[in-house]
Amino acid sequence: MMTRRQLILCCGALILLLLPPAAHLAGSPYVISLASRIVIYALAAASLDLLLGYGAMISLGHAAFVGIGAYTVGILHFHAAAAEPLVTWPFLFAGSTSGLVVLPLAALMAALAALIIGALSLRTTGLHFIMITLAFAQMLYYFFISLEKYGGDDGLSLAARSSLPGLSLGNGSQFYYLCLAALVLFLFFSQKLVNSRFGLVVRGAGNNDRRIKGLGIHSYWYKLVTFVIAGSSAGLAGALLANQTEFVSPGLMHWTLSGELMVMVLLGGLGSLFGPVLGAAVFLLLEETLAMYTEHWMVYMGPFLVITVIFAKRGLFGFLVGEKERND
Amino acid sequence: MLLVIEQLLNGLQLGITLFLMSAGLTLVFGIMQIINLAHGSFYMIGAYVGATVAARSGSFLLAVVAGVAAAAVVGAVVEVLVLRHLYKRQHLDQVLATFGLIMFFNELIRVIWGRQPLFMSIPAGLSKSIQIMPGLPYPTYRLAVIGIGLLVAVFLWLMFAKTRIGMQIRAGSSNREMVGALGVNINLLYTLVFGLGALLAGLAGVMAGPILAVEAGMGESILILTFVVIVIGGIGSIRGAVVGALLVGMVDTLGRAFLPAILRTMLSAATADSAAASLSSMAIYILMAAILVWKPRGLFPAHG
């Protein structure tokens, strides 16, 4: 007998898997591109949930890592297209459009940024942590605005999507399945992580940091590693997003995107990993639907969020799964 | 030298605006433990209502009164309808709900006033410049903004230090139940404090109207600066808000004015200009990160 939670997860997985063929049958390829966007945002939101839901690290600067991932792809593509080397010393690196190079590099750059930002931010807690993560994201935002070479304020267009052996990412369905694979891998890995000893320490520190420290565990390092994992996953999401829209701009690092990711996590359900996926889907679909009827869709979205916070305390996923199925 | 004084005054004026914003935000956080991202919306509402009344009536005084009143009323309504339900919740819920409020107010403004920015003219009596030193004329309006900000700061200090309601507010911040048990209507008190915070934001908005463009989303850029101010100053502390606001106002203004020239002495002109542009935008965030790494609770932490 399946639990309600498993039933919902199976249904969700089935929908996500069968979406491209269904969209083809219905003759609306646009749905696939929307679904790719949802899956990518779901990855970014789920990575933020590692921080928010498990470590109680309220980061309002998560968009910075999305932006760094996106810009890594954008800048490497730019140099490949302009046939102008990115680095000449200590070795020659000419830029690249190969997904095998740009995607891992995007995750790596975001991980590096997360290591630096996390190491400094985790010295603080509470509102100060919220603000310092926001401050770092704003710094990067202004930094990329000032990079005239890469389009400054206007951003940078990609000539084409990255290439991967055996795949053609220009094809909507194939690109969608790549994004889906990234999301599933991340969820699988994170599920293992949060239920491991490591995850117990992080969750414990999120609940009561003093008690964890009292046990003689230096929770700082555990939190930092979590911060880096979340950052690099967001970087991967950013790299995919750059490929999806074939465009990168500083707007990806703006604090409103961090806010929207946070909204997706809370809307779906904090600390459930699958919740943010649902949250991303609901948020983007709602945005899409409302935008069809009125350009002022935010007038409805805003109050919807407020009402969700006040009444659905554990998010939509918690609401669907039911009160007794709490996994934490 | 004259240029330096002029820029110092500009920095002071930005600092005063930031102080008006951060006093309200830090009060609300210090007393109610509420993170209110929608504080910038009250600033925007003040500016919009002020600009509209000024255009219709031609009276700047009326515009200030209307803008301030509108912001205070909207603030009180928001407290009663939304934030009252979130006092006992975690910060994350408050961030989310007030993020929803930002979306709502920005879009509502676009529905009512359209997408074009409004322009608000400087009141006739204050449109000239005053010779504050030989060779240094300074716009009267900006001086008036500085003066009003200082008056408000003194008023706030008197209210908190000397009056009965100030005493109740201070008591309410340290022990809500106890003050309630002593017969103070704590719900009303909170609504009043929140309304007062919104009122100050509205005042900042009306006064900034003639200096900046009045447009939807104008609240967010100042909101972020305001958060920087209260985090630098120490959350919940009015004294911290004063110091933080002046620090941020000065660093931001002076950075934009003098960094290009300073960097040009070391770098080539083009490199210097682009480096200065990005450094001056980033300066306050660098300042904040540095202060937090040095003092993780800000310069003047309010509680212990």
Side-chain angles (χ1 to χ4, degrees), chain A residues 52-53 56 58 60 117 119-132 134-149 152 254-256 258-260 262-267 270 294-311 313 315, chain B residues 29 33 35 37-38 78 81-82 85-86 89-108 110-111 115 217 220 223-224 227-228 230-232 234-236 270 274-290 292-298:
Chain A
L52 295 181
I58 308 180
L60 196 47
I117 293 178
L120 293 173
S121 306
L122 283 169
R123 293 170 47 85
T124 65
T125 53
L127 184 63
H128 289 100
F129 183 80
I130 302 181
M131 295 318 301
I132 197 168
L134 175 65
F136 279 118
Q138 289 293 105
M139 263 187 236
L140 286 169
Y141 172 73
Y142 286 114
F143 176 72
F144 276 95
I145 278 189
S146 70
L147 283 184
E148 296 291 341
K149 183 170 182 186
H254 198 250
W255 75 280
T256 48
S258 301
E260 279 171 20
M262 198 179 263
V263 167
M264 290 171 190
V265 175
L266 274 98
L267 194 58
L270 191 66
T294 164
E295 59 170 325
H296 300 298
W297 57 274
M298 283 201 281
V299 172
Y300 303 96
M301 184 69 117
F304 171 76
L305 287 180
V306 174
I307 290 168
T308 313
V309 177
I310 293 180
F311 293 107
K313 293 185 187 174
Chain B
F29 185 82
Q33 295 289 312
I35 296 181
L37 292 187
V78 161
L81 285 184
V82 178
H85 305 283
L86 301 173
R89 301 283 197 85
Q90 46 174 342
H91 290 334
L92 208 48
D93 285 348
Q94 299 161 2
V95 168
L96 178 60
T98 51
F99 190 78
L101 287 175
I102 293 184
M103 281 182 149
F104 175 70
F105 282 121
N106 278 346
E107 208 54 44
L108 190 68
R110 290 194 191 104
V111 171
R115 287 183 189 277
E220 273 87 87
L223 174 78
I224 304 244
F227 270 116
V228 171
I230 65 170
V231 165
I232 286 179
I235 297 161
S274 74
S278 64
L279 260 185
S280 56
S281 312
M282 290 158 63
I284 55 159
Y285 302 106
I286 297 172
L287 172 77
M288 165 165 155
L292 283 190
V293 167
W294 170 48
K295 280 195 157 188
R297 292 169 57 80

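In what follows, chains are A, B, ... by sequence order, proteins preceding strands, each numbered from 1.
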* Asked: Rounded to the nearest 0.5 Å, what separation is found between the CD atom of B:Q90 and the CG atom of A:L52?
  -> 9.0 Å
* Asked: chain A: which of B:L279, B:V293, B:V228, B:L92 shares the most heavy-atom pairs with it under 4.5 Å?
  -> B:L92
* Pick from A:L266, A:T124, A:L120 with the largest number of heavy-atom pairs that fall under 4.5 Å of chain B -> A:L266
* Got a second to check how far B:I235's CD1 is from A:H128's NE2, nearest 0.5 Å? -> 3.5 Å
* Hey, could you give me the CD1/OG distance between A:I130 and A:S121, rounded to the nearest 0.5 Å? => 12.0 Å
* Contact origin within A:F136 toward chain B - heavy atom pairs under 4.5 Å -> side chain
* To do: Select one option (side chain, backbone, both, neither) describing which atoms of A:I310 are under 4.5 Å from chain B's heavy atoms.
  => both
* Which atoms of A:I307 come close to chain B, meaning under 4.5 Å heavy atom to heavy atom: side chain ones, backbone ones, both, or neither? -> neither
* Pick one of side chain, backbone, both or neither for B:L223, based on which atoms fall under 4.5 Å of a heavy atom in chain A. => side chain
* **Which portion of B:I35 sits near chain A, non-hydrogen atoms under 4.5 angstrom** => side chain
Only distances under 3.5 Å count here; give the side-chain donor-acceptor pairs of residues 98-108 of chain B to other protein atoms, sequence neighbours excluded, each with its distance to 0.1 Å.
from: B:T98; atom 1: OG1; to: B:L37; atom 2: N; distance (Å): 3.2
from: B:T98; atom 1: OG1; to: B:Q94; atom 2: O; distance (Å): 2.7
from: B:T98; atom 1: OG1; to: B:V95; atom 2: O; distance (Å): 3.2
from: B:N106; atom 1: OD1; to: B:G217; atom 2: N; distance (Å): 3.3
from: B:N106; atom 1: ND2; to: B:E220; atom 2: OE1; distance (Å): 2.8
from: B:E107; atom 1: OE1; to: B:R110; atom 2: NH1; distance (Å): 2.7
from: B:E107; atom 1: OE2; to: A:H296; atom 2: ND1; distance (Å): 2.8

* **Taking every non-hydrogen atom, the tightest pair across B:A97 and B:V82** => CB-CG1, 4.5 Å
* Asked: With side chains defined as the heavy atoms from C-beta onward, is the minimum distance between B:R89 and A:V309 less than 4.5 Å?
  -> yes
